[in-house]
Amino acid sequence: MGQRIDPLVLRLGTTQSHYSIWFAQPKDYPESLQEDKKIRDCIEDFLQRTMKSPFGSGIARIKLEKRSGLIDVIIYMGFPKLIEGKTRRIEELHRTVQKKVNCVTKKLNISISRIENPYGHPTILAEFIAGQLKNRVSFRKAMKKAIELAQKARAKGVQIKISGRIDGKEIARVEWIREGTVPLQTIIAKIDYCCHTVRTIYGVLGIKIWIFVNVEF
């Protein structure tokens with residue numbers, strides 16, 4: 001029987017750190033966890049709705065840091081030029097999140113950080129594949145193009161898996177491709193991972209991507 005675990009959870013404390021940094025008493029923990037999800041969902045929905053970019057939202061990850069009376073939100077984006085310089089849009093995002101979370105007693109601070117080599121991050125790469133599949137591009141062509149983009153971003157290894165009714169076939173199946181080395185059982189290997197879903201005319205497809213960045217000692 002196979003034993004499966006999220007590659008990021010497996011490496012917490014070694015090559016992977018938490019995306020949310022805060023402390024709460026046991027009775028307040030569920031509320032703080034739901035607050036994190038509301039903030040992330042609100043930011044992703046807002047950017048997808050307002051940017052209308054072929055790259056998707058372009059968010060690699062969202063980091064939250066909570067302190068007494070302050071919530072720091074850092075959005076790591078691969079294509080920040082789509083939103084940077086547009087003060088009105090950033091202010092609107094701030095108001096939308098503040099209204100959604102109902103931050104009355106806490107100050108909310110949102111900042112945008114640019115990441116180098118955006119296609120070296122699995123979330124952005126998954127959004128690229130999802131856009132290709134929505135446009136009815138062949139899944140094999142989309143996966144090969146994604147691997148080319150990841151290799152240009154200096155990834156040492158890439159593994160992509162797509163599952164569901166691929167190409168509209170009656171029976172769901174799994175197709176995958178790997179280029180380079182992806183040492184999933186090596187704890188000191190820095191592996192970036194994401195799981196993404198895309199709605200097509202044939203149904204929902206699942207996309208999983210593993211990217212081997214480097215080995216940390």
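If you run side-chain contact (heavy atoms from CB on, under 4.5 Å) between Lys63 and each of Ile21, Val73, Asp72, only Ile21 comes through.
Of the possible polar contacts, none joining the Thr186 side chain to the Ala189 backbone as a donor-acceptor pair under 3.5 Å is found. In this structure, the side chain of Lys208 does not engage the main chain of Ser163 through any donor-acceptor pair within 3.5 Å. Using a distance-only test at 3.5 Å, with no hydrogens or angles considered, no donor-acceptor pair links the side chain of Asn135 to the main chain of Val137. Of the possible donor and acceptor atoms, one in the side chain of Glu127 sits under 3.5 Å from a partner among the backbone N and O of Gly58. Put simply, the side chain of His94 gets close to the backbone of Leu108: a donor and an acceptor are under 3.5 Å apart.
Rounding to the nearest 0.5 Å places OG of Ser32 at 10.5 Å from CZ of Phe23. Atom CD of Glu116 is separated from atom NE2 of His121 by 9.0 Å, given to the nearest 0.5 angstrom. Separation of atoms CZ (Phe46) and CZ (Arg95) is listed at 8.5 Å; rounding is to 0.5 Å. In this structure, CD1 in Ile191 is found 10.5 Å from CH2 in Trp210, a value given to the nearest 0.5 Å. Taking CD from Glu170 and CZ from Arg165, the interatomic distance works out to 5.0 Å, rounded to the nearest 0.5 Å. Taking NZ of Lys152 as the start and CG of Asn117 as the end, the distance is 12.5 Å to the nearest 0.5 Å.
When the ring-ring contact (aromatic ring centres under 6.0 Å, His included) test is applied to Tyr29, the partners found at least two apart in sequence or on another chain are Trp22. Scored by the side chain to side chain contact (heavy atoms under 4.5 Å, CB included) test, Lys37 finds Asp41 as partners (sequence neighbours excluded).
Ile160 and Trp176 end up in different hydrophobic clusters when Ile, Leu, Val, Met, Phe, Trp and Tyr side chains are linked at under 4.5 Å. Placement of Val204 and Ile207 in two distinct hydrophobic clusters is found when ILVMFWY residues are connected by side-chain heavy-atom separations under 4.5 Å, directly or transitively. The cluster map of Ile, Leu, Val, Met, Phe, Trp and Tyr, joined by side-chain heavy atoms under 4.5 Å apart, puts Tyr202 and Leu133 in different clusters. A chain of hydrophobic side-chain contacts below 4.5 Å, direct or via other Ile, Leu, Val, Met, Phe, Trp or Tyr residues, connects Ile5 to Ile187.
Looking only at side-chain heavy atoms (C-beta outward), Ile162 and Ile129 come within less than 4.5 Å of each other. Side-chain contact between Ile43 and Ile62 is present, with at least one heavy-atom pair separated by less than 4.5 Å. The side-chain heavy atoms of Lys134 and Val198, taken from C-beta on, include a pair separated by under 4.5 Å. Under the 4.5 Å side-chain criterion, counting only non-hydrogen atoms from C-beta, Cys42 is in contact with Thr96. In this structure, Asn214 and Thr15 have side chains that are not in contact, with every pair of non-hydrogen atoms separated by 4.5 Å or more. In this structure the side chain of Ile110 reaches within 4.5 angstrom of the side chain of Val97, judged on heavy atoms. Counting heavy atoms from C-beta on, the side chains of Val174 and Lys161 come closer than 4.5 Å. Within the 4.5 Å cutoff, the side chain of Ile124 has heavy atoms near those of the Ile115 side chain.
The shortest non-hydrogen separation linking Cys194 to Pro122 is SG-O, 3.3 Å. When all heavy atoms are compared, the tightest approach of Tyr119 to Ile211 is O-CD1, 4.4 Å. In terms of heavy atoms, Tyr193 sits closest to Leu8 at O-CD1, 3.7 Å.
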### Message
As a quick check of understanding, evaluate side chain to side chain contact (heavy atoms under 4.5 Å, CB included) for Phe139 and Asp167, giving each step before the final call.
### Response
CA-CA 8 Å; Phe139 73 94; Asp167 286 342; 3.4 Å; yes

### Task
Tell me, with the steps shown, if Ile75 and Ile59 meet side chain to side chain contact (heavy atoms under 4.5 Å, CB included).
CA-CA 7 Å; Ile75 307 172; Ile59 299 174; 4.2 Å; yes

### Task
Walk me through it: do Leu12 and His18 pass the test side chain to side chain contact (heavy atoms under 4.5 Å, CB included)?
CA-CA 7 Å; Leu12 276 176; His18 291 276; 3.6 Å; yes

### Task
Could you walk me through whether Arg114 and Met77 pass side chain to side chain contact (heavy atoms under 4.5 Å, CB included), step by step?
CA-CA 5 Å; Arg114 182 183 182 277; Met77 296 187 69; over 6 Å; no

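For Arg11 and Gln16, the side-chain atoms include no donor-acceptor pair closer than 3.5 Å. There is a side-chain donor-acceptor pair under 3.5 Å between Ser20 and Arg40.
Counted within 6.0 Å of CZ on Arg154, heavy atoms from surrounding residues, nucleotides or ligands total 12 or fewer; the atom is thus considered open.
Remark: Glu35 engages Lys66 in a salt bridge, criterion side-chain N to carboxylate O under 4.0 Å.
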